[in-house]
Amino acid sequence: MKLRFKSFMAIALGGLLFHACSTKKDAFINRNWHALNTKYNVLYNGNIAFEEGREELNDAYQDNYWEVLPIERLKVTDEIKLDSEDNNPKFLRAEEKASKAIQKHSMDIKDEERNPVTDEAFLLLGKSRYFDQRYIPALEAFNYILNKYNESDKLNEATIWREKVHIRLENEDLALKNLKRLLKYERLKDQEYADARAMMAQAYINLKAPDTAIQQLKIASAYTKKNPEKGRYYFIIGQLYNQLGHRDSANYAFDKVIALNRKSPRVYMINAHLQKIKNTKITPQNNELLLEYLTDLEENRENRPFLDKIYRQIAEYHLENQSDSLALAYFNKSLKATRNEPRLNALNYENLAEYNFDRNAYKASGAYYDSTLTNLVVDSKKYRAIKKKLDNLEDVISYEDMVQYADSVITIYNMPADKQFAYFEGYIADLKAKEEEAIKKEKEKITAGFAAFVDSKGGQENKGKFYFYNITSLGYGKADFKNKWGERELEDNWRWSSKNVTQQAGQTDEVEADTNVEAQEITEEQKYSTDYYMAQIPTDKAVIDSLITERNFANYQLGVIYKEKFKENLLAAIKFNEVLQANPEERLILPSKYNLYKIYQETGSPLANGMKEDIIENHADSRYAVILLNPEAVLADATDSPDARYAALYRQYENQQYLQVIAGAEENINRYTGDEIVPKFEILKANAIGRIEGFEAFKEALNYVALNYPNNPEGKKAQAMVEEQLPKLEPKEFSAETESVGTGNWKLVFPFKIRDNDKAVQLMEKLEKSIKDLRYNNIVSKDIYNLEDQFVIVHGFRSKEFALGYAELLKNNKDYKVANHNFVILSSNYKIIQVHKNLEDYKKLQLIPKP
């Protein structure tokens, strides 16, 4: 009887469950069955995955405290995603669960949703898509709730999330309109009210209305029950007040962040402290108090994760107090302590670069600016500004190195032999002392490390073991070897210093800017040999003269850079005077005097009149004298400007007047020495030389431009041509001229002397007429070969036979009667004879018939 009753009850319950599973019946049991399954099964798991994904985002997200923080901690990219590729798997899982809940438990009966929990599934679907940055699909989910579920208790939340999406899609005005309507007509919970106000604040921040955003954030911070949100809102209020220049109000907001203490993330509190210090002007009355404040922050053990920012603020404090050495030490400590903070690194390197720049240490400044760039977003506004500074400094560094090297060699060259010998002995002694000091410090460091290890638990466990069995001892040994010798291959003569990984002399433990130092390929014996260094001193007076010329040119270029780019008139004047006192080339004297005159005039120096009279009296026929006597007339005459002269020369180059181009470029290079246009004349001259004299002369001329103007656009262009184009032009081997060569690669060439140019022009006219009469598609041109010869060429024959047939037709046709000597050549071979000027070699190989 009991068994029969149990069976009956099981069947009844099974039938009940079967009927309850139906999504098409609007019955009490069906609605509640699907609601319970939706909420406590599918959606439960989906919400867990969603919260895990959100927590991962928060952990990975890194705020940029040097800009106004966004209301929501969400890393966004410029892309608008439309699919689910490459997204967070936690959010994908949450989306899958939400979709499953909708597909299996939605009860859409007579166009009305009867499952009261389905709206939560759509809300989870939209939020998951939102955090995966698929804003359009997220918008569809939120709109579905608002349009479908009129009685849902999630309508207000869905509206706020929809406006979040609109803000992400840069529809701030629409978001504000909808949020204002929501606040006016709907009754919101406190947290919903705070979220709505916070989103309005974000919209106003995006629209550059910080004062209105502040009011919205104040309301949001009053209504939110979440302390982390309070801390963030107060901090953003402080940042916005700073943006408006209201420091006292900003500090009041930061004090609220600090008052929250452990209730909100500590990162907000630390940055609030630092912002308060930045907003406080240092005075004699508060100087010691601020230092004590900063010291307390530094020494608090809980602040260790934030020491990088604290060290930077201490460095700025010391810099403002003109305690330069302390400031530099703390900037370097901040760099050491930085953990994945490229922006902080960039700021520290920039400070170090500017410090060195202000003290005219341009080489060190350039190295720090280079390190700054590596920590900035490429092509950002800040990146471009720093890149421009670095480009200017590269010129200075290059020319200063040239001057330093030339001065060093010339100074040693002018010493008597005994003083030269004593100088190098002193250099070697200093070198040995530095290396001994470095070895001593390294030994002390290793000894201290061993001592600490011996006292440790691991040291006690490894005590008495053979060196190579003691893992820690072996590690110290390897590190010591690597520091001293660098990476070495197992081979003979491994100790040679040429194989050593070069380190900067006197390198300290401080973090320094990235620099590249080339290793000198000398042996250990040579490194400490006075005879070796004595042998390096030039003995040829011509070498010294060349160094003097290079030094004068470099000093002149430095003077121009200091004057024009850095506005350092004192440094510029020193460089121009050094040029004039060093017996320079004639071309540097006048521009140096003129630049000195402009500097003296700008600074109000009485020396200006004397320099002006010097130029007018001693260089009366010069362009500079004309400018000084009548500036208005010179400015009015734009036809004689450097640009106009270059344009005229370039037109001559296009007309193949190469000899005139070379002469004109030489004249203008001397005329405009020091002007930015000079490298353009140089590269135009190099191209003209190549057209007339061939590959070797062209290579030499390009190298001259690349070496003399290494940091100028034309110099860089010349260097690129040397590296990329010249290797392609260098081959001199002729190709075999067979009929198997592709179509359209043959030329018919008529040689002429330059003096017979009239005959060449007459032939061109006949050839053009014949091509028109015969309806050919060939092109006729006239090319200069060298100073004596030129070619009239018919281009574009499909084969050698076709070209020979055309030449025969010209010779026999009574309308043309062209009997001039000619030959047919493959296009690639013609290019070789033009580049290398080796027509005679081609004639020997191809047996061109003699005229």
Side-chain angles (χ1 to χ4, degrees), residues 319-320 322 324 327-328 331 349-373 382 384-408 513 515 550-582 584 587-612 614-615 624 627-628 672-679 708-713 715:
L319 198 62
E320 192 168 344
Q322 298 182 347
D324 294 349
L328 296 179
F331 279 128
Y349 279 128
E350 187 179 6
N351 278 111
L352 292 167
E354 288 174 353
Y355 176 85
N356 283 280
F357 184 89
D358 291 341
R359 284 148 187 79
N360 304 325
Y362 294 118
K363 191 168 185 178
S365 179
Y368 282 120
Y369 274 130
D370 188 48
S371 295
T372 305
L373 285 183
K382 186 72 173 178
R384 291 192 295 272
I386 297 295
K387 184 71 169 66
K388 187 176 180 181
K389 287 183 180 180
L390 182 59
D391 289 343
N392 290 337
L393 280 173
E394 282 179 354
D395 292 345
V396 173
I397 294 165
S398 174
Y399 289 126
E400 286 286 9
D401 283 346
M402 289 172 63
V403 171
Q404 185 179 3
Y405 173 75
D407 278 340
S408 300
T515 53
E550 288 180 9
R551 182 189 63 186
N552 289 340
F553 178 77
N555 271 329
Y556 176 80
Q557 294 292 345
L558 285 168
V560 172
I561 293 169
Y562 291 147
K563 174 178 173 285
E564 299 296 336
K565 294 183 178 179
F566 297 154
K567 309 302 178 186
E568 291 281 354
N569 284 334
L570 178 60
L571 282 175
I574 291 171
K575 290 299 177 182
F576 288 130
N577 276 306
E578 285 180 2
V579 173
L580 294 175
Q581 292 167 12
R587 68 191 184 109
L588 298 179
I589 295 174
L590 182 55
S592 295
K593 289 181 177 180
Y594 182 75
N595 277 298
L596 278 172
Y597 162 73
K598 296 298 288 184
I599 291 170
Y600 295 151
Q601 184 186 48
E602 187 177 333
T603 56
S605 171
L607 296 172
N609 288 332
M611 191 59 69
K612 179 178 179 180
D614 185 329
I615 293 170
Y624 296 108
I627 293 172
L628 292 176
Y672 300 116
T673 297
D675 198 296
E676 289 184 359
I677 204 167
V678 167
N708 282 279
Y709 307 95
N711 299 301
N712 186 279

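When a residue number appears, it is its place in the shown sequence, counting from 1.
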Checklist entry - Is there side-chain contact between K563 and K567, with at least one heavy-atom pair below 4.5 Å? => result no
Checklist entry - So does E578 pair up with R551, basic N to acidic O under 4.0 Å? => result no
Item to check | Straight-line distance of Q404 CD to S408 OG, nearest 0.5 Å | outcome: 5.5 Å
Checklist entry - So, for Y556 and Y399, is the gap between ring centers shorter than 6.0 Å? => result no
Checklist entry - With no hydrogens and no angle check, is any side-chain donor or acceptor of D370 less than 3.5 Å from a backbone partner on G366? => result no
Item to check | Y355 six-ring face occupied by R359 cation (under 6.0 Å, within 45°) | outcome: yes
Next on the checklist: Taking the six-membered ring for Trp, are Y362 and F566 closer than 6.0 Å centroid to centroid?
Outcome noted: yes
Next on the checklist: Once side chain to side chain donor-acceptor pair (under 3.5 Å) is applied, do any residues pair with N351, and if so which ones, sequence neighbours excluded?
Outcome noted: R312
Next on the checklist: Does this structure show an ion pair linking R384 with D391, if we count only N-O contacts that are shorter than 4.0 Å?
Outcome noted: no
Item to check | Partner set under ring-ring contact (aromatic ring centres under 6.0 Å, His included) for Y597, not counting sequence neighbours | outcome: none
Checklist outcome for this item: What one should report as the nearest heavy-atom pair of A353 and S365 is O-OG, 2.9 Å
Checklist entry - Given E354 and Y368, is the side-chain contact (heavy atoms from CB on, under 4.5 Å) satisfied, shown in steps? => result CA-CA 9 Å; E354 288 174 353; Y368 282 120; over 6 Å; no
Next on the checklist: For the CD atom of Q601 and the CE atom of M611, what is their distance to the nearest 0.5 Å?
Outcome noted: 12.5 Å
Next on the checklist: If I take atom OG1 from residue T372 and atom OH from residue Y369, how far apart are they, to the nearest 0.5 angstrom?
Outcome noted: 7.5 Å
Checklist outcome for this item: CG of L628 to CD1 of I615, rounded to nearest 0.5 Å, is 5.0 Å
Checklist entry - Please walk me through it: do L588 and N555 pass side-chain contact (heavy atoms from CB on, under 4.5 Å)? => result CA-CA 10 Å; L588 298 179; N555 271 329; over 6 Å; no
Checklist outcome for this item: Correct closest heavy-atom pair for I599 and A573 would be CD1-N, 3.8 Å
Next on the checklist: Show the nearest heavy-atom pair for residues E400 and L558, with the distance to one decimal.
Outcome noted: CD-CD1, 3.7 Å
Item to check | CA sep, side-chain torsions, deciding dist, call: V560, F576, side-chain contact (heavy atoms from CB on, under 4.5 Å) | outcome: CA-CA 8 Å; V560 172; F576 288 130; 4.0 Å; yes
Checklist entry - Just how far is it from atom CG of D614 to atom CG of L590, taken to the nearest 0.5 Å? => result 9.5 Å
Checklist entry - Pick one: which of K565, K363, K389, K388 meets salt bridge (charged side-chain N to carboxylate O under 4.0 Å, His left out) with D395? => result K565
Next on the checklist: Run Y562 and I574 through side-chain contact (heavy atoms from CB on, under 4.5 Å) and show every step you take.
Outcome noted: CA-CA 10 Å; Y562 291 147; I574 291 171; over 6 Å; no
Checklist entry - Quick one: CG on N552 to OG on S592, what's the gap to the nearest 0.5 Å? => result 8.5 Å
Next on the checklist: Measuring only between side-chain heavy atoms, which start at C-beta, is F331 closer than 4.5 Å to L319?
Outcome noted: yes
Item to check | Side-chain heavy atoms of M402 within contact of Q557, under 4.5 Å | outcome: no
